[in-house]
Amino acid sequence: MRQSKRRIKRPPVEIFTLSFLDIISCAFGAVVLLVLLAKNGESDTELGPDNLSTMVEQVLAAQLNVELLKGAVSDKQQQLAAAQARSASVTEQLKSLESSIPRAQQTLQQLQDQASSLRNELRQATAMLNVPKSTDKPSDEVGGIPTDADYVIFVIDNSGSMVAGNKWQQVINVVNDILVNHPQMKGFQVIAADGTFLYPGQEGQWLSDSTSMRQRAMDRMKRFTGGGSAPEVGILRALDLYSKTKGKVSLYVFGDDYRSSSLDAIVGTITSKNADPAGNPRFRIHGIGFYRPAGGDAAQFAAFMQAVAKRNRGAFVGLAF
């Protein structure tokens with residue numbers, strides 16, 4: 001019975017099977033993981049809590065800077081918008097002004113033409129009011145003070161009653177107004193009633209008419225006080241010194257008082273001295289009377305100057321202090 005039994009052939013045992021490789025691979029991976037974890041642990045150790053807090057603070061600071069920068073940018077944008085709006089407004093205003101210049105120039109020219117026309121009408125009207133010849137009898141046809149003189153002389157009472165308080169400034173203002181209203185004037189002179197000159201040494205000469213000369217004369221008049229009330233003296237001296245002047249001359253006599261027992265004789269002397277060879281007045285003589293309620297004799301001055309003015313192609317105007 002001896003049968004030979006077949007031996008069952010078994011496959012050879014392999015030492016390194018798949019399971020073994022898996023184990024080896026897992027072990028190696030574990031080692032690698034441990035190494036990585038060890039390095040991460042070192043980094044965490046280096047970046048401890050203090051460093052993390054610092055980084056958080058830096059991040060917050062950076063965020064704050066960003067917000068501040070955003071705010072600054074917004075402000076600049078608003079400023080830029082406002083500047084652009086102002087620029088647009090200025091540009092519009094400039095355009096409006098440029099467009100209005102021609103209209104303003106045209107209006108100015110129209111006003112200048114109207115003013116010239118009115119001046120011509122005024123000259124014609126005042127010329128019609130003048131009496132052509134001197135008469136011994138007052139004329140009712142003189143109705144105003146003409147303003148076409150080439151030269152103007154002021155004979156002014158600068159005594160105490162005329163300069164008290166603010167009266168003298170009123171006198172100066174009237175003098176300045178008369179100068180302003182003589183558009184063709186070439187020269188002027190200021191004499192006190194007693195015959196003294198505002199500018200000593202200028203006797204017989206004319207002060208040239210200019211804005212600066214007028215202003216200097218008005219300033220100097222503030223100190224031109226202390227004379228007497230004798231207007232006939234200043235009138236006769238002006239006639240002696242300036243009777244040969246070529247051109248129209250107007251003489252203005254300012255006063256608030258006159259006391260003389262020979263009024264008629266003085267009026268006759270002035271009228272005779274002012275007459276040219278044909279018997280016509282050389283100068284127009286006007287009176288400016290300043291009334292004061294107490295003291296002096298303003299009524300006598302008014303009567304005196306009305307008589308002189310009407311015999312010498314002039315006019316008399318009364319004013320109140």
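When reading the values below, keep in mind they use all heavy atoms of this one structure, side chains included, and skip hydrogens, waters and symmetry mates. Numbers here are sequence positions counted from 1. A quick note: this is a predicted structure, and the numbers were derived from the prediction, not measured.
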Open item on the list: Tell me if the centroids of the rings in F254 and F290 come within less than 6.0 Å of each other.
Closed with: yes
Taking atom [atom1] of [X] and atom [atom2] of [Y], what is their separation to the nearest 0.5 Å?
| X | Y | atom1 | atom2 | value |
| --- | --- | --- | --- | --- |
| L319 | I288 | CG | CD1 | 6.0 Å |
| K167 | D256 | NZ | CG | 7.0 Å |
| W206 | M213 | CH2 | CE | 13.5 Å |
| F188 | L179 | CZ | CG | 5.5 Å |
| H286 | S250 | NE2 | OG | 4.0 Å |
| F154 | F224 | CZ | CZ | 12.5 Å |

Task: Test side chain to side chain contact (heavy atoms under 4.5 Å, CB included) applied to D150 and H182, step by step - done: CA-CA 8 Å; D150 300 307; H182 280 75; over 6 Å; no
Task: Between Q170 and N166, a side-chain donor and acceptor under 3.5 Å - done: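 Absent: no donor and acceptor within the cut-off.
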- [ ] List the steps and the verdict of side chain to side chain contact (heavy atoms under 4.5 Å, CB included) for F283 and K248.
- [x] CA-CA 7 Å; F283 297 174; K248 298 177 181 179; over 6 Å; no
Search all heavy atoms of [X] against all heavy atoms of [Y] and return the closest pair with its distance.
| X | Y | answer |
| --- | --- | --- |
| V175 | M218 | CG1-CE, 3.7 Å |
| T225 | V163 | CG2-CG1, 3.4 Å |
| A192 | V155 | O-CG1, 4.1 Å |
| M305 | I235 | SD-CD1, 4.5 Å |
| V253 | P231 | CG1-CB, 3.9 Å |
| D194 | T196 | OD1-OG1, 3.1 Å |

Open item on the list: Under 4.0 Å between a side-chain nitrogen and a carboxylate oxygen: does that hold for D240 and K273?
Closed with: yes
- [ ] Please determine if D148 and R284 form a salt bridge, counting it only when a charged side-chain N lies under 4.0 Å from a carboxylate O.
- [x] yes
TODO: Go through the steps to decide whether Y151 and L251 satisfy the test side chain to side chain contact (heavy atoms under 4.5 Å, CB included), and finish with yes or no.
DONE: CA-CA 9 Å; Y151 299 94; L251 193 155; over 6 Å; no
Mind checking whether [X] and [Y] have side chains closer than 4.5 Å, heavy atoms only?
| X | Y | result |
| --- | --- | --- |
| R220 | V190 | no |
| L236 | I270 | yes |
| Y258 | I266 | yes |
| V267 | R311 | yes |
| L241 | E203 | yes |
| R214 | M185 | yes |

TODO: May I have the step-by-step check of side chain to side chain contact (heavy atoms under 4.5 Å, CB included) for K222 and D219, ending in yes or no?
DONE: CA-CA 6 Å; K222 296 176 181 178; D219 291 341; 3.9 Å; yes
